[in-house]
Amino acid sequence: MKKYLIGTLAVVLAIGAVAFTAPSKKANTYVQFVGNPATLTDVQDQTQWEQAVGTPSCDLVNRKACRIQIDDSKLITNPGGPLLPKVLDAAKVTSISAAHNVDNTFYVPTALNGTPGTYTIANKN
Amino acid sequence: MKLKMSRSTAIETISGLLILLFMYTAISKFVSFKTFMVMLKLSPLVKSHFLFVAFAVPIVEIIISGLLFFQRTKKIGFLSSFILMLIFTLYIAYFMLFADDKPCSCGGVISQMTWGQHLVFNIFFTFLAFLGYRLMKKGQPEDNLPFKAAIQ
């Protein structure tokens with residue numbers, strides 16, 4: 001039994017450490033862009049904007065689509081399956097306006113249409 | 001005899017540290033599973049198989065922890081740890097050298113590290129796993145000699 005002491009202690013410590021560092025439920029919900037920022041239809045596609053648990057890192061430079069802060073009632077289950085992160089609900093965010101970025105290479109979202117409520121768009125370099 | 005004791009203590013300590021690392025990161029990945037999947041989906045190296053990788057990585061980490069836990073499987077556990085840590089280290093090195101976007105798909109507080117700190121951290125644990133494997137390999141013939149304690 002003694003030879004398993006360190007291993008057992010390690011397992012208990014690992015579980016304890018996760019319990020103390022687990023992310024808390026946040027009031028702010030972010031959706032993160034997971035498509036190709038060079039493709040206009042990707043940026044405009046609601047299913048390419050997936051819910052992120054934390055805050056996706058975006059430096060606010062308007063070169064590439066990055067994240068949108070939005071009320072989580074505007075999200076629905078991912079069409080790929082319930083295990084996948086939620087995506088923007090096309091019934092509430094009926095379309096996403098997008099424009100070429102500052103150097104005309106990629107696309108960035110400029111506005112959400114429909115009934116998106118309050119939202120904040122942040123792009124990245 | 002003293003040398004044998006310190007070797008077994010070193011083996012137990014190294015396996016304990018590796019179990020702690022793998023169990024912590026595996027549970028963290030399952031706790032934040034959706035974030036982990038999004039990060040993998042953004043990774044140019046694994047995005048085509050992100051769902052498989054999302055399940056495989058934490059499961060492999062838990063299996064390796066199990067191998068390191070038991071005396072009979074510790075040696076293969078150290079070897080598996082070394083291989084897995086080497087893959088993680090090369091993955092990080094690739095991102096540092098070639099990728100513009102660097103989505104970190106690591107678990108727990110490790111994701112708060114800079115890429116440089118993460119690389120050093122991984123190299124350290126890769127070395128520990130290798131050291132554990134070498135110590136196990138070195139220790140084996142001695143364990144097979146029943147009269148060794150009497151000689152020492």
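As the structure is a computational prediction, the values presented were derived from the model and not from experiment. Proteins get letters first, then strands, A, B, ... in listed order; numbering begins at 1 in each.
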So how far is it from I6(A) CD1 to I14(B) CD1, rounded to the nearest 0.5 Å? 10.5 Å
Hydrophobic cluster membership, I68(A) vs V108(A), 4.5 Å side-chain cutoff: no
Checking heavy atoms, do the side chain of L68(B), its backbone, both or neither come under 4.5 Å from chain A? neither
Residues A10(A) and G16(B): closest non-hydrogen pair is CB-O, 3.2 Å
Do F50(B) and V34(A) make a side-chain contact, defined as non-hydrogen atoms from C-beta onward lying under 4.5 Å apart? no
Mind checking whether Y4(A) and F70(B) have parallel, tilted or perpendicular rings, split at 30° and 60°? perpendicular
Side chain from CB out, backbone as N, CA, C, O: work out which of these in L9(A) comes under 4.5 Å of a heavy atom of chain B, or both, or neither. neither
For F30(B), which atoms come within 4.5 Å of any heavy atom of chain A: side chain, backbone, both, or neither? neither
So, the part of F22(B) with a heavy atom under 4.5 Å from chain A: the answer is neither
Assigning hydrophobic clusters by single linkage (Ile, Leu, Val, Met, Phe, Trp, Tyr; side-chain heavy-atom cutoff under 4.5 Å), is F124(B) placed with I83(B)? yes
Connected via hydrophobic side-chain network under 4.5 Å: I76(A) and L112(A): no
Between L83(A) and F55(B), what is the shortest heavy-atom contact and its length? CD1-CZ, 3.8 Å
According to a hydrophobic-cluster definition based on side-chain heavy atoms being under 4.5 Å apart (Ile, Leu, Val, Met, Phe, Trp, Tyr only), do I87(B) and I123(B) belong together? yes
Looking only at heavy atoms, the pair that brings A14(A) and L20(B) closest together is N-CD1, 3.4 Å
Please say yes or no: joined through hydrophobic side-chain contacts below 4.5 Å, possibly via intermediate residues, are W49(A) and I121(A) part of one cluster? yes
